[in-house]
Number of protein chains: 2
Amino acid sequence: MADIQGNLLRGHLEGMVLSVLERGEGHGYEILKRLQDLGNGALELREGSLYPALYRMEEAGLVQARWESDDSPRRGPRRRIYALTEKGRRELLRSRETWRAFAGVVGRIMEEPA
Amino acid sequence: MADIQGNLLRGHLEGMVLSVLERGEGHGYEILKRLQDLGNGALELREGSLYPALYRMEEAGLVQARWESDDSPRRGPRRRIYALTEKGRRELLRSRETWRAFAGVVGRIMEEPA
DNA sequence: AATAGTACCTAGTTTGTCTAAATAGTAGTT
DNA sequence: AACTACTATTTAGACAAACTAGGTACTATT
């Protein structure tokens with residue numbers, strides 16, 4: 001199983017998080033699990049990568065964070081819920097364009113017959 | 001034009017260089033131009049990224065380098081010519097697999113309808 | 001002599017992922 | 001009660017690879 005992690009991910013994680021949040025808000029651990037699920041076991045993403053990414057994105061105004069209310073029915077550790085902002089939505093569109101350009105160019109270079 | 005550079009490239013450059021060299025040996029500057037051509041103006045790759053990458057790859061035994069002979073017919077700065085080694089060829093196969101896995105996973109996450 | 005293109009080199013900066021820990025609540029087991 | 005495991009968040013420090021921003025040197029053209 002080719003593991004996707006580290007340098008390969010650099011610069012691509014933010015778009016992936018934006019994309020996951022487009023389907024609905026979610027807390028950090030949930031975003032992590034959604035990404036790992038979507039990665040089908042090949043995506044090795046750690047908490048230590050995701051949480052700092054979320055903080056950067058919050059600072060950049062791409063996502064808005066709130067603490068889950070105390071009086072929610074569930075028990076367990078508090079969760080911080082992230083949602084896309086308008087700016088984040090625009091950034092997602094740009095991320096998709098960048099991804100397509102990137103995948104097109106690198107794909108062509110990697111796959112073109114010798 | 002979406003520019004492909006910096007963090008986006010991290011971890012992907014080595015495979016691209018291997019792939020370009022599969023089509024035939026070449027010197028550093030030539031590899032740079034070939035990549036920029038293949039990138040159709042979108043790939044912003046600098047010498048300061050490529051040369052160190054070539055040194056790393058030489059050290060890792062993926063490519064073999066030699067100085068162009070002095071008595072070659074052309075005039076101009078000396079060139080250092082890089083060629084794939086057997087190990088480099090094997091690594092290229094692995095790079096392609098990794099690329100496909102990466103592009104598949106990230107593509108699915110980026111493009112999947114919300 | 002000035003400019004531009006080819007060709008290589010490299011010290012130092014940047015930055016985002018990862019390592020590796022810590023904290024804390026809940027649930028199930030022995 | 002003690003344990004293990006899972007959920008959930010936090011963060012200091014390490015690391016590595018692309019980049020910045022220069023430098024050298026030869027050739028050709030204006």
Report all interatomic pairs (protein N or O, nucleotide N or O of nucleotides 20-23 of chain D) with separations under 3.5 Å.
none

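Closest to the side chain of A/Leu13, out of C/dC9, C/dT17, D/dA8, is C/dT17. Counting only heavy atoms from C-beta on, B/Arg79 has its side chain closest to C/dC8 among D/dA18, D/dT11, C/dC8.
How far OH of A/Tyr82 is from CD of A/Glu58: 5.5 Å, rounded to the nearest 0.5 Å. Atom OG of B/Ser19 and atom CG of B/Leu38 lie 8.5 Å apart (nearest 0.5 Å). Rounded to the nearest 0.5 Å, atoms CD (B/Glu30) and CD (B/Glu25) are 9.0 Å apart.
Each of B/Ile81 and A/Gly6 was matched to the nucleotide of DNA chain C holding its nearest heavy atom; the match closer to the 5' end belongs to B/Ile81.
The partner of D/dT30 is C/dA1, judged by Watson-Crick or G-U wobble contacts that both fall below 3.5 Å.
For C/dG16, one of the phosphate oxygens OP1 or OP2 lies less than 4.0 angstrom from a side-chain nitrogen or oxygen of B/Asn7. Between A/Tyr51 and D/dT10 there is no side-chain polar atom (N or O) within less than 4.0 angstrom of OP1 or OP2. Distances shorter than 4.0 Å separate none of the side-chain N or O atoms of A/Tyr29 from OP1 or OP2 on D/dT9.
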Practice task
Take B/Gln5 and B/Leu45, measure what side-chain contact (heavy atoms from CB on, under 4.5 Å) needs, and give me the verdict at the end.
Solution key: CA-CA 6 Å; B/Gln5 41 92 260; B/Leu45 179 64; over 6 Å; no
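Counting to the nearest Å, the P atom of C/dC18 and the CG atom of A/Leu50 are 10 Å from each other.
Contact of the A/Glu91 side chain with the A/Glu14 side chain is registered, since non-hydrogen atoms from C-beta on lie closer than 4.5 Å.
Backbone-only engagement by B/Leu45 is indicated by non-hydrogen atom pairs under 4.0 Å involving sugar-phosphate atoms exclusively.
A/Arg78 contributes no side-chain N or O that forms a donor-acceptor pair with the base of C/dA24 under 3.5 Å.
Residues from residues 55-63 of chain B with heavy atoms under 4.0 angstrom of DNA chain C, sorted by number: B/Tyr55.
B/Thr85 contributes no side-chain N or O that, together with a main-chain N or O of B/Gln64, makes up a donor-acceptor pair within less than 3.5 Å.
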